[in-house]
Amino acid sequence: MDHRTYLKSLGTAEKDALTRRADAPGFLHLAMHGGLILFLGGLIALRVPFWWALMLPQGILLAFLFTLQHEATHKTPFASDRLNEWVGQITGLILVQPFLWFRYFHFAHHRWTNIPDKDPELASAKPEGWPAFLRHLSTVDYWSAKARVLWDNAFGPMEQEYLPQNARERARKEARLMLVGYALIALFTLFVSPILLSIWLIPLALGFPFLRLYLLAEHGRCPYVADMFLNTRTTFTNRVVRFLAWNMPYHIEHHAFPQVPFHRLPAFHHMIRDRLGTTSDGYAAFAREYVEGFQDQT
């Protein structure tokens, strides 16, 4: 039974219970995630003893705001659509990832998950071999690609197939406003205070390799098939990682039924755990299995 057949087997009441949105779980989770960022940022700004050692956990917390922005594209972290939009825009500014553009990119990824020449995530090849793997984790290509997206959206032809014509003008406005915001941030850094370097930009650069490994596990080495039970990976991990990633390690669950909010994914996991076709026992295990694949190809 593939994921479509399984979803058709669910009753209306079951689907309604799984997809019911709520503000309270999102507010609580955001308060904890955002509160930790503000707390560590404050300690770094105050230059407490060993403040520099806090930049890595600060960066990991910042980088994993990606999973919140990802959820906001589906309008599921909160019951309020307006709040989902605001959260998506703010996290996009922090991560240098235009929210409107990412929504259409991500919807195309969901429609064509792991289907070559259709899934836009596959436009960037998964790393094969140690040099490509280490370069992938370095995030050098990631940041240059995001800079190109931002610049092309602001001033380029905007020829992405997944971006509909009626959204392109809004995407251009979004990119230009972000560039204005970054210009103001640069002026603040140059002429007022460099504090944003130590509480935001440098930590983000340090934390992003951890996000890159996490994201690689979502579909890396998964079969190129249409069944979400197979083409996506759920990674069994601890509560800390699930907290950081807004329960997105339950990734088969998310792809099989994207309308399920993050706080209901554990319940959905228990419903389908015997049907999961591609899993890993933690991110260390995934990384070990992934690099072992390099040897298999030699």
Side-chain angles (χ1 to χ4, degrees), residues 26-27 29-73 77-78 80 82-103 105 138-156 158 169-212 215 244 246:
F27 277 125
H29 204 106
L30 181 58
M32 292 189 292
H33 195 154
L36 285 170
I37 290 172
L38 293 175
F39 177 67
L40 290 183
L43 294 178
I44 293 169
L46 291 171
R47 296 296 193 265
V48 299
F50 302 105
W51 62 269
W52 45 267
L54 300 176
M55 295 174 76
L56 179 58
Q58 172 77 339
I60 293 171
L61 286 163
L62 286 166
F64 273 84
L65 287 175
F66 170 89
T67 53
L68 172 57
Q69 189 194 45
H70 156 266
E71 274 290 274
T73 66
F78 307 96
S80 166
R82 180 173 293 183
L83 184 56
N84 287 319
E85 291 296 314
W86 273 104
V87 166
Q89 294 289 350
I90 292 169
T91 51
L93 188 66
I94 293 171
L95 299 168
V96 197
Q97 179 154 265
F99 179 58
L100 178 64
W101 166 85
F102 179 60
R103 169 171 281 153
F105 174 94
S138 77
T139 73
V140 171
D141 294 330
Y142 176 87
W143 291 116
S144 61
K146 282 293 176 266
R148 282 197 304 274
V149 165
L150 190 59
W151 187 262
D152 288 347
N153 283 3
F155 304 109
M158 299 184 73
E169 192 57 37
R170 287 182 291 136
R172 191 174 298 282
K173 181 180 179 181
E174 173 187 59
R176 290 178 175 178
L177 286 173
M178 288 180 71
L179 287 174
V180 170
Y182 293 136
L184 293 174
I185 289 168
L187 290 173
F188 175 85
T189 301
L190 287 171
F191 297 108
V192 179
S193 170
I195 188 61
L196 293 178
L197 291 174
S198 57
I199 67 172
W200 170 35
L201 293 174
I202 295 174
L204 186 62
L206 293 173
F208 235 85
F210 294 87
L211 179 69
R212 291 286 274 173
L215 292 175
L244 279 172
W246 289 68

To the nearest 0.5 angstrom, please state how far the [atom1] atom of [X] sits from the [atom2] atom of [Y].
X: F99; Y: T73; atom1: CZ; atom2: OG1; result: 6.0 Å
X: M158; Y: E169; atom1: CE; atom2: CD; result: 8.0 Å
X: I185; Y: L93; atom1: CD1; atom2: CG; result: 5.0 Å
X: M178; Y: L150; atom1: CE; atom2: CG; result: 5.5 Å
X: W200; Y: I195; atom1: CH2; atom2: CD1; result: 13.0 Å
X: R103; Y: E85; atom1: CZ; atom2: CD; result: 4.0 Å

Contact between [X] and [Y] at the side-chain level, heavy atoms closer than 4.5 Å - yes or no?
X: W51; Y: L43; answer: no
X: L204; Y: W143; answer: yes
X: V96; Y: V149; answer: no

Whether over 12 other heavy atoms sit under 6.0 Å from [X] [atom1]:
X: F39; atom1: CZ; result: no
X: W86; atom1: CH2; result: no
X: R82; atom1: CZ; result: no
X: F210; atom1: CZ; result: no

Distance-minimising heavy-atom pair for [X] and [Y]:
X: L206; Y: L56; answer: O-CD1, 3.7 Å
X: I199; Y: G41; answer: CG2-O, 3.5 Å
X: E174; Y: P98; answer: OE1-CB, 3.2 Å
X: D152; Y: R172; answer: O-NH1, 4.1 Å
X: A175; Y: A154; answer: CB-N, 3.6 Å
X: A63; Y: L95; answer: O-CD2, 4.0 Å

Can you check side chain to side chain contact (heavy atoms under 4.5 Å, CB included) on S198 and Q58, steps first, answer last? CA-CA 10 Å; S198 57; Q58 172 77 339; over 6 Å; no
Donor-acceptor pair, Q97 side chain versus K146 backbone, under 3.5 Å? no
Worked check of side chain to side chain contact (heavy atoms under 4.5 Å, CB included) between F66 and T91: CA-CA 7 Å; F66 170 89; T91 51; over 6 Å; no
Aromatic plane relationship, F155 with W151 - under 30° parallel, 30 to 60° tilted, over 60° perpendicular: tilted
Would you list the atom pairs, donor with acceptor, under 3.5 Å between side chains in residues 30-38 and any protein atom, with sequence neighbours excluded?
from : atom 1 : to   : atom 2 : distance (Å)
H33  : ND1    : W246 : NE1    : 3.1
H33  : NE2    : L61  : O      : 2.8

After noting the C-alpha distance and the side-chain angles of T189 and L201, does the key distance pass the side chain to side chain contact (heavy atoms under 4.5 Å, CB included) rule? CA-CA 11 Å; T189 301; L201 293 174; 5.7 Å; no
Only one of N84, T67, L83 clears side chain to side chain contact (heavy atoms under 4.5 Å, CB included) with P77; which? N84
